[in-house]
Amino acid sequence: MNTRYVTFSTSLGKMTLQANDQGLLGAWFETQTTQPEELGQYSESDPILNNAIKQLQEYFSGSRSEFELPLAAQGTEFQQKVWHALTTIPYGETWSYQDLANAIDNPKAVRAVGLANGKNPISVIVPCHRVIGKNGKLTGYAGGVERKAKLLELEKLE
């Protein structure tokens, strides 16, 4: 599959985006360890990547609360189910891992949901940063807990 990528700067650091012909495969901050080693061909003219950059810039400036992008993240059927559920968490709200497990009709899968959440390859756009601990505390985020706090603050949460 022909993959392309681009990097760009945001208010929270440099991001790398990756896409194929079906849609966006990944969006990673520079410190994330979930980014694959092979990203494909660098492209500053890919329409999917350019649209993602535009929408992310609008999000970081506070003028966008929802993304309208074709997503093509690759993962197991369970991961896909969790990642889809993440896209239903409304802007400005947080869910616990239990809420997320309930949303996929598997309330006993809290740990598995947490693992799938941690492997989400499309940061910000698939809002795994909106998932917090049952006690309301910020828990791990592949982009760093400080960045997670800033994303929630951007969405007027704390």
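Each residue takes its place number in the sequence, starting with 1. From a predicted model like this one, the values you see are computed outputs, not experimental measurements.
Taking the side chain as every heavy atom from C-beta outward, Q18 and P36 approach each other to under 4.5 Å. You'll find the side chain of Y5 stays beyond 4.5 Å of the side chain of Q35, heavy atoms only. Residues N20 and Q74 meet the side-chain proximity criterion, which asks for heavy atoms closer than 4.5 Å. Within the 4.5 Å cutoff, the side chain of T7 has no heavy atoms near those of the W28 side chain. Residues K108 and V113 form no side-chain contact, since every pair of their non-hydrogen atoms from C-beta on lies 4.5 Å or further apart. Contact of the Q98 side chain with the N102 side chain is registered, since non-hydrogen atoms from C-beta on lie closer than 4.5 Å. H129 has its side chain within reach of L152: a pair of non-hydrogen atoms, C-beta onward, lies under 4.5 Å apart.
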Residues M15, F8; criterion side-chain contact (heavy atoms from CB on, under 4.5 Å); working and verdict: CA-CA 6 Å; M15 287 189 83; F8 73 107; 3.8 Å; yes
side-chain contact (heavy atoms from CB on, under 4.5 Å) between F67 and V126, worked out: CA-CA 9 Å; F67 293 94; V126 176; over 6 Å; no
Pair R130-Y91, side-chain contact (heavy atoms from CB on, under 4.5 Å): steps then yes or no: CA-CA 8 Å; R130 295 181 189 153; Y91 181 90; 3.4 Å; yes
From CA spacing to verdict: side-chain contact (heavy atoms from CB on, under 4.5 Å), D46, V6: CA-CA 9 Å; D46 183 87; V6 70; over 6 Å; no
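Once rounded to the nearest 0.5 Å, the distance linking CD of Q79 with CG of N117 reads 10.5 Å. Rounding to the nearest 0.5 Å gives a distance of 9.5 Å between CG of L71 and CG of L25. Between the CZ atom of F60 and the CG atom of L12 there is a distance of 5.0 Å, given to the nearest 0.5 Å. With rounding to the nearest 0.5 Å, the separation of CD in Q32 from OG1 in T16 is 9.5 Å. Here K148 contributes atom NZ and I132 contributes atom CD1; the two are 7.5 Å apart, rounded to the nearest 0.5 Å. The line from OG1 of T87 to CD1 of I89 is 8.5 Å long, rounded to the nearest 0.5 Å.
Between K81 and E77, none of the side-chain N atoms (NZ, or NE/NH1/NH2) sits under 4.0 Å from a carboxylate O, so this pair counts as no salt bridge.
Across L69, I125, T10, a single residue satisfies side chain to side chain contact (heavy atoms under 4.5 Å, CB included) together with L56, and that is I125. When each of E155, R64, E66 is tested with Y59 by the rule side chain to side chain donor-acceptor pair (under 3.5 Å), just one qualifies, namely E155.
Of all the heavy atoms in W95 and A103, the pair that sits closest is CZ3-CB, 3.6 Å. When every heavy atom of G118 is checked against every heavy atom of T34, the shortest pair comes out as O-CG2, 3.8 Å. The heavy-atom pair separating E68 from N51 by the smallest distance is O-ND2, 4.0 Å. Summarising the geometry of V131 relative to S96, their closest heavy-atom pair is CG1-C, 4.0 Å, with the distance given to 0.1 Å. The minimum heavy-atom distance linking P70 with Q22 is given by the pair CB-O, 3.6 Å. Across every non-hydrogen atom of W83 and N120, the tightest pair is NE1-CA, 3.4 Å.
Under 3.5 Å, the side chains of S123 and R147 contain no donor-acceptor pair of N or O atoms.
L17 and Y42 fall within a single hydrophobic cluster, where Ile, Leu, Val, Met, Phe, Trp and Tyr are joined by side-chain heavy atoms under 4.5 Å apart, directly or via other members. With hydrophobic clusters built from ILVMFWY side chains whose heavy atoms lie under 4.5 angstrom apart, V124 does not share a cluster with I48.
Within a 6.0 Å sphere centred on CD of E44, heavy atoms belonging to other residues, nucleotides or ligands number 12 at most.
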